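Step one of this worksheet: look at the structure below.
As the structure is a prediction and not an experimental result, all values here were calculated from the model. These values consider heavy atoms only, across backbone and side chains, with no hydrogens, waters or symmetry-generated copies. So you know, we letter chains A, B, ... as the sequences are listed, proteins then strands, and number each from 1.
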Amino acid sequence: MSAGKNLHPGINLGHSDPAGHHQAEPVMFGFWIFLMSDLVLFALLLATYSAMSVHGVAGGPEPRDVTDLASAGIETALLLLSSFTIGMASLANKYHDDGRRLLQWLGLTAVLGIGFLAMEARDFASLIAEGAVPQRSGFLSAHFTLLGCHALHVAAGLLWMAVLVLQLMATGLERALRLRFMRLALFWHMLDIVWVAILTFVFLYGAAG
Amino acid sequence: MNDEDLPQSEREDPRREFRHILMGLASASVLTALAFFLAVAKPLATGWLLAALGGLALVQIAAQFRFFLHVDLKKSHRDDLQLVLFAGLVIALMVGGSIWILFNQHARMG
Amino acid sequence: MSEELLYWLAGDLRWSDFPPKADMIATIAALIVVAGAIGVVATLTIARRWRWLFDNWLSSLDHKKIGIMYMVLAFVMLLRAVIEAVLMRIQQALSVNAQGVVSADHFAQLFSTHGTIMIFFVAMPFISGLINYVMPLQIGARDLTFPFMNAVGLWLSAAGAAILMASLVIGEFSTGGWSGYPPFTELAYSPGEGVDYWIWAVTLSSIGTTLTGINFATTIYKERCEGMHLFRMPLFCWTSLCTAILMIFAMPPLTVATALLALDRYAGFHFFTNGAGGNMMNYANLFWLFGHPEVYILILPAFGVWSEVISTFSGKRLYGYASMVFAVMCIAVLSFTVWLHHFFTMGQSTNVNAVFGIATMLIGIPTGVKVYDWLLTMYRGRIRLTAPMLFAMTFLLCFVIGGLTGIILANPPVDFQVHNSLFLVAHFHNMLIPGTLFGMIAGYMFWFPKAFGFRLDERWGRIAWACWSGGFLAAFMPLYWLGLMGMMRRTAISFEAAYQPWLNAAWAGAALIVCGIVALGIQLVVSVRRRSDLAVPVGDPWDGHSLEWWTPAPPPEYNFARRPRIEDTEAFTNAKRDGRAYHAPPSYEDIEVPRNTLIPAGIGAAGFVCAFALSWHIWWAALLGLAAMWAGVVLRSLQGDTERVIPAAEVQRQNEAWLDCARQTAPVTRFAEVERINRGRAMETT
Ligand code: HEM
Ligand SMILES: [Cu+2]
């Protein structure tokens, strides 16, 4: 492993902070591994969902009955935009020493993330109001679990963001904090990737199938 | 860490990175819009439609890895690329196998 | 107090859940646990060791101490699980056309706890412990990449083990086996706290294991010393890497399986229930997506140990290093392609079964390569039959038998005949005991002098080997036959007189295994008593070839005064041959080591509270435990000063003392290594 040559993909500190960059390497790699492990978890929930959405309907609502494409479209837009804003936040983290710009982009990301969660909560509430509760059938159990798990991840990301922002205001943008922001950005991007799969296999398949 | 040692394509450059993120946003938007169009207008037979939607999702996931997470073929990103590819292999085995098994069992229970 | 208030406060927990229990043996077991706990507390208090315990051990982030704590946990849990195994053997031997000594329900708890403990709280901690101790030393690192996370992993595993101990005293454990198949484990058939105990104990362990796996993989990728290319790593590091990768990717399916089962039980979902679209077969699928890679998590580190032990005690380089590495990698990847062989009988078509059956048999190829490599390593070597090497002999013999029966089971038509019979029980114990457990025992004996500075008594080591090997053969070979005669696993009472002699033999074998454990205990006590005779301060008692032997015994907190730089797999051997193994480095530098902290132990304690409270539906305590776990993580991120500096002068003083000691010690030849004159400086190899 020729030391130093191993730039961390994109989300990194590069030459703006060489020592921090060096420290970042194992930390970021470890976090990547965690993300891959998490991705397997989502993949299996999705596999369970695909089986349940066909075999587990039990006379209750089917995928097409619980698919609200308009709502899914808005959710997708929110999450995709938040992926963009957190990308901008990573750039600010890397190239700007004062935390202001970073804070602005993070604020925007948080607003988008909260909007996403609010939309999902609305979806869930309307399903429950129609009697399409997770206890109704295996399919609905899988539907709520898959989306709920993703929503929980988003909520955890927001909480994490809140803790980091508080630390940022207390101590300024020091190195340890920069590394944590980098990890948060990776985490957030990964949630968007998971959402692409959910959007396709839950909502679009539900509407098309 | 000396920037000069790196090939041109791997040097630090905020503008290039910004362009990257924009490209990520643009490609994801286009692909998503296309997928929605397919799902709503249903221009294809169901089987093909589902395959096309799945294909678009894969392309978009690859694009997001490329533009947002900066996983690509550059030498300095190899460790991560290998990791992601291996995860992809494991996921393919697990998901593909599970679906095969569960649908097969279900078909025989009827 | 009103019922409702009581539920808010104590959930479903009532006085009647505490001892005495309905059944005499269960009451005694509960009392043993309580007495054991009181005994430990009393001893620590009388010996005034609490401070020492907290300062030196419980708060440590040193990978070596964490490794040792893992192994202590494993040994304690091993004791309990073996006692349960003997009880099961007694029951089956006494229950042919009779009642036996325990009820069917108690028997079910016995095999459930035995299996769960052996897998999650004996084998896994043992493996994590051994890798923790040895791997960083072998790659010339100062610690793992994430020392804090390492400690969290340990304490989460310990919390899971504590849940199992609690279940012996308060309430009952699951009767659903180590695999917890629904629909039996659904609320409709297992309403009590037992399955919940199982779910949360396993969840704690699997979270800890995932964290540990991430840590191991990152360390091996990013912390190797200069010159240590991947292909120069000792084989144990390769097996550690593959194990870590399996931990990372195989734990999520378990988490999904148990989480969905928990949703069914706690929230009325229908993943695996009988009605409303539930599908219990998906549970089997998810569980074995984890379960099969898991068995390779268990065996690969042992392969690593065997490689080190066999090459060291044959006085030869490992034969076919590259083929060994390649074989391990093949096995790791293939292990994700065979999970269905655990449920051939579940009703999928012949084609599906055939594919997975063939994939299973394929694993025999790389495994065979390894066996031949070990044999060829010994071929023409000058073999010393020390205790670890003796265990290696038993391993090679028995592992081949176990592997062959595995290939037999990989034939779906054969599996249909012997599925869930004692033939299967014989097969997997045949892999797990001579493979994993003996590997861990051999590793413990092999590296013990490194960790504590003195060798283990050789004579008692051999006695332990004889008891374990003989005991294993007597206890498990009859089970193959019983399985072919049709005796099913998990049966508390049988009605076939022909089983009797075989069951008697099996129980005698189990008794011999107990003698083996006692011998291990005596060995430890005898060795501690004679530790000055057995001391090996120089640190290289077996003429080792990898870097861990190039440190004092025990190694300093920072492992290496200067991180080594190597140019070959046999760097230490070369240095010994050229007579420069114990030369002082040109200069020393300050070394940073992580400061101690009690947060990880706190996170473990909070995890225990959360899991216990969830099992009894004490919601406020569960929330509190969960919040406390996260608070621990946040608290850590606020800690500024997490490193402590050891000044260069101190490093120099310690290192020079060691080098002096090495130079003054007379070298010994390999054949005198179990003699008193072995002070840890093996003769320069020629
Ligand atoms: C040390 C001597 C051991 C003895 C005497 C022993 C004995 C037994 C017995 C009697 C059973 C029940 C078989 C039945 O269902 O009829 C059993 C099950 C089992 N044992 Fe062991 N065992 C030993 C070591 C181990 C080890 C080292 C492991 C794993 C590392 C292990 C893992 C298991 C598992 C997973 C089960 C299945 C539990 C279930 O049915 O859910 N055992 N063992
Ligand atoms: Cu298997």
Side-chain angles (χ1 to χ4, degrees), chain A residues 1 3-12 14-16 18-19 21-22 28-29 32-33 35-37 39-40 43-44 46-48 50-51 54-55 69 72-73 76-77 80-81 83-84 86-88 90-91 94-95 185-186 189-190 192-193 196-197 199-201 203-209, chain B residues 1-3 5-6 10-12 14 17-18 20-22 24-25 28-29 31-32 35-36 38-40 42 46 49-50 53-54 56-58 60-61 64-65 67-72 74-81 83-84 86-88 90-92 94-99 102-103 106 109:
Chain A
M1 200 117 319
K5 267 289 173 61
N6 246 301
L7 255 185
H8 213 284
I11 302 181
N12 63 56
H15 66 174
S16 58
H21 181 66
H22 196 72
M28 295 303 281
F29 188 66
W32 263 100
I33 301 181
L35 286 178
M36 291 301 114
S37 184
L39 211 55
V40 173
L44 290 168
L46 206 62
T48 302
S50 355
V54 180
H55 311 150
L69 269 192
T76 307
L80 182 56
L81 278 177
S83 232
F84 173 72
I86 203 139
M88 295 307 290
S90 308
L91 277 188
K94 183 166 172 183
Y95 292 107
L186 276 186
H189 284 309
M190 201 59 74
D192 195 16
I193 288 180
V196 172
L199 171 71
T200 306
F201 297 111
F203 293 104
L204 299 181
Y205 269 40
Chain B
M1 175 67 238
N2 197 342
D3 222 28
D5 299 346
L6 293 170
E10 300 198 22
R11 298 228 184 118
E12 300 291 323
E17 286 183 37
F18 173 64
H20 241 90
I21 298 176
L22 264 189
L25 180 64
S29 307
L31 289 164
T32 308
F36 267 92
L38 288 183
V40 175
K42 301 195 174 124
T46 309
L49 191 59
L50 297 186
L53 287 172
L56 282 175
L58 280 184
Q60 179 165 175
I61 287 173
Q64 292 216 10
F65 265 111
F67 293 120
F68 286 150
L69 288 158
H70 306 260
V71 175
D72 50 36
K74 282 175 201 144
K75 198 152 173 217
S76 56
H77 304 174
R78 279 297 153 74
D79 281 356
D80 303 86
L81 181 66
L83 178 67
V84 172
F86 187 75
V90 170
I91 287 174
M94 287 184 172
V95 173
S98 299
I99 288 180
L102 293 175
F103 279 78
H106 189 77
M109 293 225 301

Approximate separation, where rounding is to 0.5 Å, of [X] [atom1] and [Y] [atom2]:
| X | Y | atom1 | atom2 | value |
| --- | --- | --- | --- | --- |
| B:Phe36 | A:Thr200 | CZ | OG1 | 9.0 Å |
| B:Leu69 | A:Ile193 | CG | CD1 | 5.0 Å |
| B:Ser29 | A:Leu80 | OG | CG | 5.0 Å |
| A:Leu46 | B:Met94 | CG | CE | 14.5 Å |
| A:Phe203 | B:Leu53 | CZ | CG | 14.0 Å |
| A:Met190 | B:Ile61 | CE | CD1 | 10.5 Å |

Among [options], who wins on heavy-atom pairs under 4.5 Å with chain A?
| options | value |
| --- | --- |
| B:Val95, B:Ile91, B:Leu102 | B:Ile91 |
| B:Leu83, B:Ile21, B:Leu50 | B:Leu50 |
| B:Leu38, B:Val90, B:Val84 | B:Val84 |

Can you tell which part of [X] gets under 4.5 Å to a heavy atom of chain B, answering side chain, backbone, both or neither?
| X | value |
| --- | --- |
| A:Leu91 | side chain |
| A:Thr76 | side chain |
| A:Ile86 | neither |

Quiz item: Is the closest side-chain heavy-atom distance between A:His189 and B:Phe65 below 4.5 Å?
Solution: no
Self-check item: 4.5 Å side-chain heavy-atom contact, A:Leu204 and B:Leu56
Solution: no
Structural part of [X] lying under 4.5 Å from a heavy atom of chain A:
| X | answer |
| --- | --- |
| B:Phe86 | neither |
| B:Phe67 | neither |
| B:Leu49 | side chain |
| B:Ile99 | side chain |

Which one wins on heavy-atom pair count under 4.5 Å against chain B: [options]?
| options | answer |
| --- | --- |
| A:Phe201, A:Phe84, A:Tyr205 | A:Tyr205 |
| A:Ala72, A:Ser37, A:Ala43 | A:Ala43 |
| A:Ile33, A:Asp192, A:Leu199 | A:Asp192 |
| A:His55, A:Met88, A:Met36 | A:His55 |

Quiz prompt | Nearest heavy atoms of A:Ala208 and B:Lys42, plus distance in Å | solution = CA-CE, 3.7 Å
Exercise. Quick one: closest heavy-atom pair of B:Glu17 and A:Lys94, and the distance?
Key: OE2-NZ, 2.7 Å
Practice problem: Check the pair A:Val196, B:Leu31 against side chain to side chain contact (heavy atoms under 4.5 Å, CB included), reporting the backbone distance first and the verdict last. | Solution: CA-CA 10 Å; A:Val196 172; B:Leu31 289 164; over 6 Å; no
